[in-house]
Amino acid sequence: TGGVETARLLLAQTRSGNPKIIMHTASALTRHRDESLAAGCVDFITKPFSSEQIYQCLKNHLGVEFEYGAPLHEAETSPSLELCKVELPEELIARMLIAAELHSTTALKGCLQELRQRDPAAQRLADEIRRLMRSYDMDAIQRLVTTVALDETVKA
């Protein structure tokens, strides 16, 4: 059963209240958006999506307000010196950057497996990337991998 059909079934079987269903998909085709809204979904979000889009959607449809903390200082988000000491093949760096750019967690997970098979520094890098993946912070992953790649270029 596809997402649109599932939404129809959920809405038809609901006995109390009206659930608000927000469809998300990798497809940006207008036809899919129209089908979702016609099925009763209240909104439609395409991948890659940002946390801000999700927060705004929740605010629009549920009236939820979010409290935002102060932004992290650059020093707190920059990789530690230990992570910059990682030596990686250019091909692996390129794959990680492309995966983060495309928001492909599947491809990133494959890269993490390769990192974990390397030295302890690469394993720590894998742990840091995994931590960033949990919050879906692909921009931070790109910055981290770029920093590691640039540091490696300076060493050469």
Side-chain angles (χ1 to χ4, degrees), residues 1-74 76-79 83 86 88-118 122-123 125-150 152:
T1 304
V4 171
E5 187 58 31
T6 301
R8 282 190 184 110
L9 288 170
L10 284 171
L11 291 168
Q13 294 174 359
T14 301
R15 295 187 181 163
S16 61
N18 246 352
K20 296 186 179 193
I21 299 173
I22 299 165
M23 184 72 66
H24 78 89
T25 179
S27 173
L29 297 176
T30 305
R31 173 178 63 91
H32 292 137
R33 177 183 176 79
D34 293 345
E35 288 173 357
S36 298
L37 296 175
C41 296
V42 294
D43 213 334
F44 184 86
I45 299 174
T46 60
K47 294 179 184 177
F49 53 83
S50 67
S51 55
E52 289 78 18
Q53 285 176 294
I54 302 298
Y55 301 151
Q56 187 62 47
C57 193
L58 291 170
K59 181 179 179 181
N60 291 345
H61 299 290
L62 300 178
V64 184
E65 292 289 335
F66 291 89
E67 291 182 22
Y68 297 92
L72 294 175
H73 298 294
E74 190 64 34
E76 294 173 359
T77 59
S78 62
L83 291 179
V86 179
L88 300 174
E90 288 181 30
E91 177 268 332
L92 179 56
I93 291 170
R95 282 192 289 126
M96 287 190 294
L97 287 171
I98 291 169
E101 182 180 344
L102 297 175
H103 295 246
S104 175
T105 56
T106 304
L108 274 171
K109 286 176 185 175
C111 294
L112 294 183
Q113 287 179 335
E114 289 181 48
L115 285 173
R116 288 193 178 100
Q117 295 171 1
R118 301 181 70 81
Q123 293 169 10
L125 176 61
D127 292 342
E128 181 63 13
I129 291 172
R130 182 72 185 133
R131 184 187 69 76
L132 293 168
M133 284 175 64
R134 281 191 215 109
S135 60
Y136 208 69
D137 194 347
M138 298 298 175
D139 292 335
I141 292 171
Q142 286 179 298
R143 286 191 301 273
L144 177 61
V145 173
T146 300
T147 301
V148 169
L150 289 175
E152 195 167 299

Heavy-atom check, side chain of Q53 versus side chain of Q56, under 4.5 Å: no
Contact check, side chains of D43 and M23, non-hydrogen atoms, under 4.5 Å: no
Minimum side-chain heavy-atom gap M138-Y136 below 4.5 Å: yes
Shortest non-hydrogen separation from F66 to Y55 and the atoms involved: CE1-O, 3.6 Å
Side chain to side chain, R95 and L92, heavy atoms closer than 4.5 Å: yes
A122 to R118 - nearest heavy-atom pair and separation: CB-CB, 3.6 Å
Exercise: identify the closest heavy-atom pair between A99 and L108: CB-CG, 3.7 Å
From CG (L9) to OG1 (T14), nearest 0.5 Å: 10.0 Å
Interatomic distance, E52 atom CD to C57 atom SG [nearest 0.5 angstrom]: 13.5 Å
Residue H103 excluded, over 12 heavy atoms near NE2 under 6.0 Å: yes
Min side-chain heavy-atom separation M133-T105 under 4.5 Å: yes
Heavy-atom donor-acceptor pair, K20 side chain to H61 backbone, under 3.5 Å: yes
Separation of I141 CD1 from R130 CZ (nearest 0.5 Å): 9.5 Å
Contact summary for L11 and A39, nearest pair of heavy atoms: CD1-O, 3.3 Å
Side-chain donor-acceptor pair present, Q123, D127, cut-off under 3.5 Å: no
Rounded distance (nearest 0.5 Å) linking atom CE of M96 with atom OG of S104: 13.5 Å
Nearest-0.5 Å distance that lies between atom CG in L58 and atom CD1 in I22: 5.5 Å
Sub-4.5 Å side-chain heavy-atom contact between V145 and I129: yes
Side-chain heavy atoms of F44 within contact of T25, under 4.5 Å: yes
Flag side-chain contact, heavy atom, 4.5 Å: L125 against L144: yes
Heavy atoms from other residues, nucleotides or ligands near CD of E91 exceed 12 (cutoff 6.0 Å): yes
CD1 on I45 to CZ on R33, rounded to 0.5 Å: 9.5 Å
